[in-house]
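These notes concern the structure reproduced below.
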Number of protein chains: 4
Amino acid sequence: MPKETFFNLPEEKREKIMAEVVREFRDYRYDEASINRIVQRSGIAKGSFYQYFENKEDVYFYLLALIGEKKMENISPALKNPGSLDFFSLLKEIYRAGIEFGLNHPDYLEIGNKMMRETSGTIWPKILEKFGPQGQDAYLGILQRAQNNGEIRKDLDLRLLARMMISMQMTLMEHYFENHGDKGYSLDILEELDQFFVILKTGIAGGKP
Amino acid sequence: MPKETFFNLPEEKREKIMAEVVREFRDYRYDEASINRIVQRSGIAKGSFYQYFENKEDVYFYLLALIGEKKMENISPALKNPGSLDFFSLLKEIYRAGIEFGLNHPDYLEIGNKMMRETSGTIWPKILEKFGPQGQDAYLGILQRAQNNGEIRKDLDLRLLARMMISMQMTLMEHYFENHGDKGYSLDILEELDQFFVILKTGIAGGKP
Amino acid sequence: MPKETFFNLPEEKREKIMAEVVREFRDYRYDEASINRIVQRSGIAKGSFYQYFENKEDVYFYLLALIGEKKMENISPALKNPGSLDFFSLLKEIYRAGIEFGLNHPDYLEIGNKMMRETSGTIWPKILEKFGPQGQDAYLGILQRAQNNGEIRKDLDLRLLARMMISMQMTLMEHYFENHGDKGYSLDILEELDQFFVILKTGIAGGKP
Amino acid sequence: MPKETFFNLPEEKREKIMAEVVREFRDYRYDEASINRIVQRSGIAKGSFYQYFENKEDVYFYLLALIGEKKMENISPALKNPGSLDFFSLLKEIYRAGIEFGLNHPDYLEIGNKMMRETSGTIWPKILEKFGPQGQDAYLGILQRAQNNGEIRKDLDLRLLARMMISMQMTLMEHYFENHGDKGYSLDILEELDQFFVILKTGIAGGKP
DNA sequence: TATGAATGAGCTTTCATTCAT
DNA sequence: TATGAATGAAAGCTCATTCAT
């Protein structure tokens, strides 16, 4: 966590700094991101940076936490009470929320994506340590409930499925933002989502087993 | 491409160098990979390296090309003549080939995986430039044929589908190698593959539309 | 010397600060000691520190002075009136006092030892400036009196002898605290001291000239 | 050890660098010594320095080794065959050699002294690791032989005595170099040495037990 | 063709001290 | 009197690439 010093800063300055932090980690992954650039663009002394944050890791995880918070804020009521929806409705809601988040905070989305690809970077072990099971477990819980409800075939390996769904979600998001990101949120994407869910539900062959 | 000098090298020396190149890019992603380490372990002079290759980029893409070649070599006859198989058989063949390749060349597999996560690295634009359409196009062709044959629903966006299938393949491979990689190639994985294809074909819900 | 502000501080606060100062200079030598750590652990503001003390040097020498005072306090009556004892009894008293001091104030002892090894540090000139002759002079006086009394050979260079006795005392103390420090003060050490004084008096060869 | 690169350097350059290394470690102890200053004064690039040496530790220990070598070179035949001398003659020879070495290589002497005071520095553990028992053991061996020969009282704790003799040697050397160092080697010092040995042998009281 | 020394910008981090409030 | 934010020089070290021999 940043030091007290940081939170005592005038809001404007604090935000200027965070804006540059966001920019840096949006444009570069962890190892490539440069504290030098951040302080230079923020117009603060290098020493000051280290009065605010413990080290590079500290800013990075603070940023991730901020993004996580923003994500939770923007989550729909439906997602807070997942038991109330059938699996596919829930899934659709997850995707919708994800896309909405990406539209509102494209930088954060990019940072999140970069994070998920840190696998071979020096920061990965620390990422795992802090967020490790979180992502997959959330999905796994949803899948298990769905399987119990008979919405998912009993013979599927849910751990594999959870993994797949996460990577599929990333892919779908990337596809969407490359093709529609600038046009803003529209019905297009909902239709694409529907299409995607039909595939998931009934297979790409058209449901004829 | 490497310079002529490289190809004039005695085979043994050339292979020693490439072995160390492989090792380096298997263990580190592009930016972290160190020419220093490569030359040191190869036992060649730093200057020599730059007489063989233009620069870091040059070795890297040469390596990727080599891996591509190896992949093509090991491809089954069925894949060379994709028209002869129905879509799901073809797909199964692709996966089988992928897994076999991973078992025979685990280093290459790892390098490939690392490459696909370079999205956020400085090298990505160059990767796109050289291989950009390639991967997707291959898949796209197969999907189009399958769609024409009525094996895939007409209303699916094949570009999205191609992307998804690629990321799904990566995920599946990773899952396989994390869980079975050391036990070697066995029937287990074929069964898992079947399971996966059923999902793909009939949906995760069990084929009840 | 610390500024007035420091002495106006409530005793408790002043002592908390000094406790952390002691800890720091016990654990690190002058250059490595960190004002940062001191203020952090004392729970005072960085700025406050510089309102109490001129600078790092100032605290350090204030600490050394405090230790000196403590040393004087705990000195036995015998040492205050050195004329009343023969040289070897006096010497024994000095050592006994030193060991007792070390047992009562191990932190101070360590700080003192560290100080004597600052010879190569940036602070040494200042140490010399303030305490330079002091230590040697005390010894020198004792030695001179002893020489006059015929307790020490006339032909010895007392300045060299004083130096030697100081370094010997340090060595002896270190030896004692490494080997007996935890067991507390006991007759063991007095015996060792006796042994040592016999050497000093009659030589390591056994007194046969 | 320095890298090959360093030994391949033209002698002149190598010596210029080592001269600056010597100067730096003569003037500053390990933690304070600055690679920056060394390279700047040597007129080489910072990167070059790290082509020659692994790191700061590497130069430092290389320097210490060099000094050790020089010490061995200049050692008198008598010291190479210590069995041939009685204890006090041997001791005298040790001191004489030490002083001669100090006269010939005052910088090395200072570096050695600084090293012995690194006790509380970060480098100390490494020093111990490499040279740890060496110094004391050498002395201990000599003392044991002397004790067996009846040259030293049987009841003395040789470990303590060894320590004392080492610190006494340092003190004596410092005293000598502060007072006579510039005048060069002369009979003065031999007389002082004799004086010192008489003390050691028969006690400071004049041999009257 | 082979060599390996030279380069210098870049990295993250620490520090004692100042100064406006 | 108390505060704590600001400072910037300095630290050790790594890197891909160049170039004279």
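These numbers were taken from a predicted model, which means no experiment stands behind them. Proteins get letters first, then strands, A, B, ... in listed order; numbering begins at 1 in each.
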For [X], side-chain contact (heavy atoms from CB on, under 4.5 Å) partners two or more places apart:
X: D:Lys3; value: D:Thr5, D:Glu54
X: B:Lys13; value: B:Leu9, B:Pro10, B:Ile17, B:Ile44, B:Tyr52
X: C:Lys70; value: C:Glu73, C:Phe101, C:His105, C:Tyr108

What side-chain hydrogen bond (donor to acceptor under 3.5 Å, both in side chains) pairs are there with at least one residue in residues 55-69 of chain A, not counting sequence neighbours? A:Glu57-A:Lys126
Once side-chain hydrogen bond (donor to acceptor under 3.5 Å, both in side chains) is applied, what residue pairs with a partner in residues 15-31 of chain C remain, sequence neighbours excluded? C:Lys16-C:Glu20, C:Glu20-C:Arg41, C:Glu24-C:Arg37, C:Glu24-C:Arg41, C:Arg26-C:Asp107, C:Arg29-C:Glu32, C:Arg29-D:Asp31, C:Arg29-D:Glu118, C:Asp31-C:Thr122, C:Asp31-D:Arg29
Can you tell me how far [atom2] of [N] sits from [atom1] of [X], to the nearest Å?
X: D:Ile35; N: E:dG10; atom1: CD1; atom2: P; result: 22 Å
X: D:Asn36; N: F:dA10; atom1: CG; atom2: P; result: 9 Å
X: B:Gln40; N: F:dA16; atom1: CD; atom2: P; result: 12 Å
X: A:Arg37; N: E:dG10; atom1: CZ; atom2: P; result: 10 Å
X: D:Lys3; N: E:dT3; atom1: NZ; atom2: C1'; result: 17 Å
X: B:Phe6; N: E:dA2; atom1: CZ; atom2: P; result: 11 Å
X: B:Ile44; N: E:dT1; atom1: CD1; atom2: P; result: 14 Å
X: B:Ile38; N: F:dT17; atom1: CD1; atom2: P; result: 11 Å

Applying side-chain hydrogen bond (donor to acceptor under 3.5 Å, both in side chains), can you list everything that pairs with A:Ser34, at least two apart in sequence or on another chain? none
Minimal non-hydrogen separation, [X] against [Y], with atom names:
X: A:Phe61; Y: A:Ile127; value: CZ-N, 3.8 Å
X: C:Asn36; Y: C:Val39; value: O-CG2, 3.1 Å
X: B:Gly121; Y: B:Pro125; value: O-CD, 4.0 Å

I need the residues from residues 57-67 of chain D with at least one non-hydrogen atom less than 4.0 Å from DNA chain F; give them sorted by number, or say none. none
Taking the nucleotide of DNA chain F with the closest heavy atom to each, which residue, D:Phe49 or A:Ala45, is nearer the 5' end? A:Ala45
Here's a test of your reading of the structure: between B:Lys56 and C:Glu4, which maps to the more 5' nucleotide of DNA chain F? C:Glu4
With a 4.5 Å limit on heavy-atom distance, are the side chains of C:Leu63 and C:Met18 in contact? yes
Side-chain touch C:Leu109/C:Ile67, heavy atoms, less than 4.5 angstrom: no
Remember a base hit wins even if backbone is also touched, and classify C:Thr5 as base, sugar-phosphate or nothing at under 4.0 Å, heavy atoms. sugar-phosphate
Describe the nucleic acid contact of C:Tyr52 in one word from base, sugar-phosphate, nothing, applying a heavy-atom distance below 4.0 Å. sugar-phosphate
Measure all distances between protein nitrogen or oxygen atoms and nitrogen or oxygen atoms of nucleotides 18-21 of chain E, and list the pairs falling under 3.5 Å.
none

Can you list, by residue number, the residues of residues 8-34 of chain C that have a non-hydrogen atom closer than 4.0 angstrom to DNA chain E? C:Ala33, C:Ser34
In dot-bracket form, 5' to 3', how is DNA chain F paired? Count Watson-Crick and G-U wobble pairs only if both distances fall under 3.5 Å, and write | where the partner sits on another strand. .||||||||||||||||||||
Look at D:Asn55 and F:dG12 and indicate whether a side-chain polar atom (N or O) is within less than 4.0 Å of OP1 or OP2. no
For D:Tyr50, all residues meeting ring pair (Phe, Tyr, Trp, His ring centres under 6.0 Å), sequence neighbours excluded: none
Go through the structure and list residues passing salt bridge (charged side-chain N to carboxylate O under 4.0 Å, His left out) with B:Lys114, not counting sequence neighbours. B:Glu110
Residues D:Val59, D:Phe6; criterion side-chain contact (heavy atoms from CB on, under 4.5 Å); working and verdict: CA-CA 11 Å; D:Val59 227; D:Phe6 180 64; over 6 Å; no
